Amino acid sequence: MPNPRSAIRFGSWLRERLPVSDDVFAFFAKKSVPRHRHSVWYYFGGLTLFFLMVQVVTGVLLALYYKPSPEHAHQSVSTIINDVPYGWLIRSLHSWGANLMIATLFIHMFSAFLLKAYRKPRELMWLSGVLLLFLVLGFGFTGYLLPWDTMAYFATLIGTEVPKTLPIIGDWGVGLLKGGDDIGAETLTRMYTIHIVILPLTSLIIVSFHLLTNQLLGSSMPLGVEEKRPAIRFFPNFLYRDLIAWTMGFISLLALATLIPWGLGERADPFASAPLGIKPEWYFLPLYQTLRIVPSTVFSVSGEFFVNGIVGLVAVLWAGIPFLDRKASRGEKSRLFTVLGILLIAYLAITIILAYAT
Amino acid sequence: MYRMKLAEAEQTPTEARRDFISKLLGIWSVAVAAPICTAILKFVTPIIPEGPATESIDVGARNDIVENSARIVRFGKEPVILVHTQSGQYKAFFARCTHLGCIVQYQGHGIPHFSCNCHGSQFDINGKNVAGPAPRPLSPLRVSIKETAVIISKV
């Protein structure tokens, strides 16, 4: 049983050596979360952060055994799954965690979109969120090759070829991603480095910025929604609620990881035909399905160039939404943007269903 | 412009000095960052070694590949699909789909053709793109029989 006097003495000892101003505590204490009928959506940002933390912990553990070379990668993942104590669980938590993180990120992003949380003065919060979406998709793409199985190999082959239609920098971009003229050892080390160093460092900066803007500006109150009850303090009241959501998220993740353990396909053979039924992860299915249905030539440009152009344009417009939706910034309803957002969600959902069904 | 000059004229010597140093720092930052960025870009751009170009390969005895079937073989660093057609001919093509680079598969049932399982492109037995998003035909290679061996060479 710790002595309360010792705890107080330790507290004052620490404060002498870390003279943090009371203003800092006041800064964190002033944050509150509004309460209204859409409050449930506030939990998804925290859940995404929670799954990101799961990814960091499980990723560090996997890195202790993983060997990033075409000769050893597949075997090392197989060893993790079959021989390392609880290796199957850690690997499964990492793979399922990635999927749940992206799913909660999408829910968080689309709820923020539909509730117009991007409007003035939260433009930078939205922009950093969109950047985090790209980083998280980058995590998914670069991590996918690491097990070096057939599906991983072809998914990376396709993904690294996508930039080739870009004018001027297309071929350079492909070479930059592959590290050579083919998917091989150089590609694997590049993907590994991006996955475990570049993306985590960049994400740390952007997540910190995203949280800082949230701390400074608070959570957005949806347009036209009345706050019937007073807002609750974030520290510690909302954080306790967040912890309940995180616990539920972790139970779901554990259930998926143990009941449907993530598998490992056959070792990649760069000189074998792509197997039938090959598909990327669900979050890349809209792009995959679009590439499948767009013909080889559209408006006298190549189908790939057309798809790349459309995807690039949608990404830029999506990032620029706070600056385009001037009505929302003035506090007025903007039905056009709501409809556009719903159309985008419908397109993503339909292409995912079509990709699974065909 | 005039206003800017006016504002500069109103600066005290200390402010003017600080302003000058800020501008100097800006120029210095660009001057330092530019070569560093160039070096990093050069560093990350892969060096692709120019190996001796493969002109032809011997893929073994002609009897090894039965009629109406295909085999993927290495042609230097590239995969090539060699087909022994139903009519007894041998045909070879670079096996990468012209869409996004997956390796195509030979389909011998019905009308023989090549298919790419990645995005559903199809090529006829002569390599011509006939369905799906592939923008170009498969590049053909020459197949010749020397005694009992099958030789694939560039066209």
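Chain letters run A, B, ... following the sequence lines, proteins first, then strands; residues in each count from 1. This one's a predicted model, so the numbers in the text were calculated from it and none came from an experiment.
No more than 12 heavy atoms of other residues, nucleotides or ligands shown are found within 6.0 angstrom of CZ on Phe20(B). Open room surrounds CD1 on Ile168(A); 12 or fewer heavy atoms of other groups in view lie less than 6.0 Å from it. More than 12 heavy atoms of other residues, nucleotides or ligands sit less than 6.0 Å from atom CG of Leu313(A). Within a 6.0 Å radius of CZ in Phe106(A), more than 12 heavy atoms belonging to other residues, nucleotides or ligands are found. Counting non-hydrogen atoms of neighbouring residues, nucleotides and ligands closer than 6.0 angstrom, the NZ atom of Lys128(B) reaches no more than 12 such neighbours.
Contact of Val104(B) with chain A is made through the backbone alone, with heavy-atom distances under 4.5 Å. Neither the backbone nor the side chain of Lys279(A) comes within contact range of chain B; no heavy atoms are under 4.5 Å apart. Looking at Pro280(A), neither its backbone nor its side chain comes within 4.5 Å of chain B, counting heavy atoms on both sides. For a residue to count as touching a neighbouring chain, one of its non-hydrogen atoms must lie under 4.5 Å from one of that chain's; by this rule Ala134(B) touches chain A with the backbone only. For Arg71(B), no part lies under 4.5 angstrom from a heavy atom of chain A.
Note that the CD1 atom of Ile103(B) and the CZ atom of Phe154(A) stand 5.0 Å from one another [nearest 0.5 Å]. Here the CG-CD distance, from Leu276(A) to Gln107(B), works out to 7.5 Å after rounding to the nearest 0.5 Å.
When side chains are defined from C-beta on, Leu100(B) does not count as touching Leu157(A), because their heavy atoms never get closer than 4.5 Å. Here the side chains of Glu186(A) and Ile47(B) are not in contact, with every heavy-atom distance at 4.5 Å or above. By the 4.5 Å heavy-atom criterion applied to side chains, His99(B) and Ile158(A) are not counted as neighbours. Here the side chains of Ile72(B) and Ser273(A) are in contact, with some heavy-atom distance below 4.5 Å. Residues Arg190(A) and Pro46(B) have side chains in contact (heavy-atom distance under 4.5 Å, counting atoms from C-beta outward).
Under the 4.0 Å criterion applied to side-chain N and carboxylate O atoms, Lys77(B) and Asp181(A) are assigned as salt-bridge partners.
Interface summary for chain B: among Ser302(A), Pro275(A), Pro270(A), the most heavy-atom pairs under 4.5 angstrom belong to Pro275(A). Taking chain B as the reference chain and counting heavy-atom pairs below 4.5 Å, the highest number among Gly303(A), Pro295(A), Gly179(A) is found for Gly179(A). Of the listed residues Gly175(A), Ala274(A), Ala155(A), the one with more heavy-atom pairs under 4.5 angstrom with chain B than any other is Ala274(A). Contacts with chain B were tallied for Ile278(A), Ile293(A), Thr165(A); Ile278(A) has the most, counting heavy-atom pairs under 4.5 Å.
The minimum heavy-atom distance between Thr98(B) and Glu304(A), with the atom names listed, is O-OE2, 4.3 Å. Contact record, His119(B) with Leu291(A): CD2-CB, 3.8 Å, taken as the closest heavy-atom pair.
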Where do Phe271(A) and Val80(B) land on the side chain to side chain contact (heavy atoms under 4.5 Å, CB included) test, with the steps shown first?
-> CA-CA 9 Å; Phe271(A) 283 86; Val80(B) 159; over 6 Å; no
